[in-house]
Peer 1: 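Here it is: the structure, laid out below.
In what follows, every chain begins at residue 1, and chains take the letters A, B, ... in the order their sequences are listed. Because the structure is a prediction, the values reported are computed rather than measured.
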Amino acid sequence: MAAPKKRGMQTIVFDNPPCLTSWASIVGPKEGEGPWGNSFDVRLNDNLLGEKTWEKAESKLLQDTVSLALSKRGFEIDDVEVFLAGDLLNQLASANFAARTLNIPFLGLYGACSTMAESLIVGAMILDGGFCERVIAATSSHHYSAERQYRFPVEQGVQRSLTAQWTVTGSGAVVLEKGVLGPKIKSATIGKIVDRGQDDANNMGAAMAPVASDTIKMHHLDLNLQPDYYDLVITGDLGSVGAALVRQLFNRDGLVPKPNYSDCGILIFDEKQDVHAGGSGCGCSAVMLCGPLLAKMQRGELNKLLFVATGALMSPTTTFQGETIPCIAHAVAIENQ
Amino acid sequence: MNMPQNEGLKNAEKAEYDSMVSQISPKPTYLKNFLWAFVIGGLICMTGQIILNSLIKSGMDLKAAGSMTSVILIFLAALFTGLGLYDELAKKAGAGTIVPITGFANAIVASAMEFKREGYIFGVGARIFTVAGPTLVFGFVISVIIGLIKFLI
């Protein structure tokens, strides 16, 4: 029997589109100074959040964001049935330790910087499948915990490449519920891994651009939508280099008329903030979604949003071994009804 | 030789994409970087020279003064790393702060500071040379080779 909710090659549609009923975003000091600083729920003054290590700080960041999203909806922690989260650290350290404290049934997800979309898709499937009524999807990244794992010690004097991106310190969480009012997840496209042979860990926008374009193309193709159907197609963290490449790839892939397109990695920081090609990390797309974007949807300034979180699935080990960077992008269609 | 067709296509696609990437990616600002490296690196070396000269003036012999100068420069780099200033300077100066002995001190102190959180044995002890390690290893290798050459000549 054919899968009744599947469309085309990679896309799923929901019979009872799950509703985004509450969301929260917490960002670090640098992100708070960015152009969208006022749109986030909490702007931290301290990158360590009073903790002793970056890892503890990131875990607390995620935990606080989840608690905030729940409390905004008037929920207690145990009102949600499943907690879906992931982050950039080895063994999903931040998410696991946050889940230890939160004590909600937990599924850890790794999609690098695509985790926000991945957790939303899995959450929406759980709801539409009738397995739960309320789930929370979240993710986090922390500039300094990522730096020490992927690059150099914090105080190491290095000159960053002009194509490098700045890992965002921030966390976003979304409460998904069945059949309530609010923006809904209508459909989603699960991305394939695309690897066009890029191996420069300092130019991840270039590595991820082909997959972003591929997932966006497949989404429109599978659902038979015009490329300008959405009010906004937003990618997660391609940065200025990746976004410029995606615009060229839209042409090549036949996405005409061009989608109204932007990228969270470009939006989150100001050019003056010396981040080079823009923001990156799970937190980048998560805080932009849970901060300005969903607020705009709530106010009706945006009605149809295609949220395409992009992830570079590289590890420092495989990079040193000469491997190229496999990349992924998942698309989540969020619409007001 | 007998490359399957899809492999050839893949390579052509990669080449095409590579050229798109290099067109769009901003070019490194070599001239600016060179100038900054020259000026800051030069200032660090000048500081070293001033220290050396004043040590010699105060009566130290050249060899002892040279060692003492290195010690002082390493101390200063470690101090500025600890104060969180060295990496700010290095952002501009690049090679100008990496090549002098101060860059080596920075690499070791930065690693020590970063990994102290995993304790003194598995953190500081095990990972203090994470960044500086290659310099040491290949420094040793080169010195052995030079020693051999000197021995043979």
Peer 1: Please report the interatomic distance CG(L245(A)) to OH(Y17(B)), rounded to the nearest 0.5 Å.
Peer 2: 4.5 Å
Peer 1: For I24(B) versus Q248(A), what's the shortest heavy-atom pair and its separation?
Peer 2: CD1-NE2, 3.5 Å
Peer 1: Between V131(B) and P153(A), what is the shortest heavy-atom contact and its length?
Peer 2: CG2-CD, 3.8 Å
Peer 1: Using every non-hydrogen atom in the two residues, find where P26(B) and V241(A) come nearest and quote the distance to one decimal.
Peer 2: CD-CG2, 3.6 Å
Peer 1: Quick check: closest heavy atoms across E155(A) and N106(B), and the distance to 0.1 Å?
Peer 2: O-ND2, 3.1 Å
Peer 1: Tell me, out of G242(A), P210(A), S161(A), who's got the most heavy-atom pairs with chain B below 4.5 Å.
Peer 2: P210(A)
Peer 1: Just verifying a value: how many Å separate Q156(A) CD and T130(B) OG1, rounded to the nearest 0.5 Å?
Peer 2: 9.5 Å
Peer 1: Work out which heavy atom in V158(A) is nearest to a heavy atom in A90(B); give both atom names and the distance.
Peer 2: N-CB, 4.1 Å
Peer 1: Working note: E118(B) + T53(A), criterion side chain to side chain contact (heavy atoms under 4.5 Å, CB included); need CA distance, chi angles, decisive distance, verdict.
Peer 2: CA-CA 9 Å; E118(B) 281 82 52; T53(A) 71; 5.8 Å; no
Peer 1: Using only non-hydrogen atoms and a strict under-4.5 angstrom cutoff, which residues of residues 63-89 of chain B touch chain A?
Peer 2: T81(B), G84(B), D87(B)
Peer 1: Between M20(B) and chain A, which part of the residue has a heavy atom less than 4.5 Å away: side chain, backbone, both or neither?
Peer 2: both
Peer 1: Working to the nearest 0.5 Å, report the span between CD of E114(B) and CD of E147(A).
Peer 2: 9.0 Å
Peer 1: Under 4.5 Å between any side-chain heavy atoms of Q198(A) and D18(B), yes or no?
Peer 2: yes
Peer 1: Less than 4.0 Å between a side-chain N and a carboxylate O, is that true for R196(A) and E16(B)?
Peer 2: no
Peer 1: Should R117(B) and E51(A) count as an ion pair when the cut-off is N to O under 4.0 Å?
Peer 2: no
Peer 1: Does atom CD (E271(A)) have a neighbourhood of more than 12 heavy atoms from anything else shown, all under 6.0 Å?
Peer 2: no
Peer 1: So Q159(A) and T97(B), side chain to side chain contact (heavy atoms under 4.5 Å, CB included) or not? Walk me through it.
Peer 2: CA-CA 10 Å; Q159(A) 211 163 29; T97(B) 46; over 6 Å; no
Peer 1: Look at D274(A) together with K91(B) and state whether they make a salt bridge at an N to O cut-off of under 4.0 Å.
Peer 2: yes
Peer 1: With V21(B) as reference, evaluate T163(A), D200(A), N203(A) under the side-chain contact (heavy atoms from CB on, under 4.5 Å) test and give the passing residue.
Peer 2: N203(A)
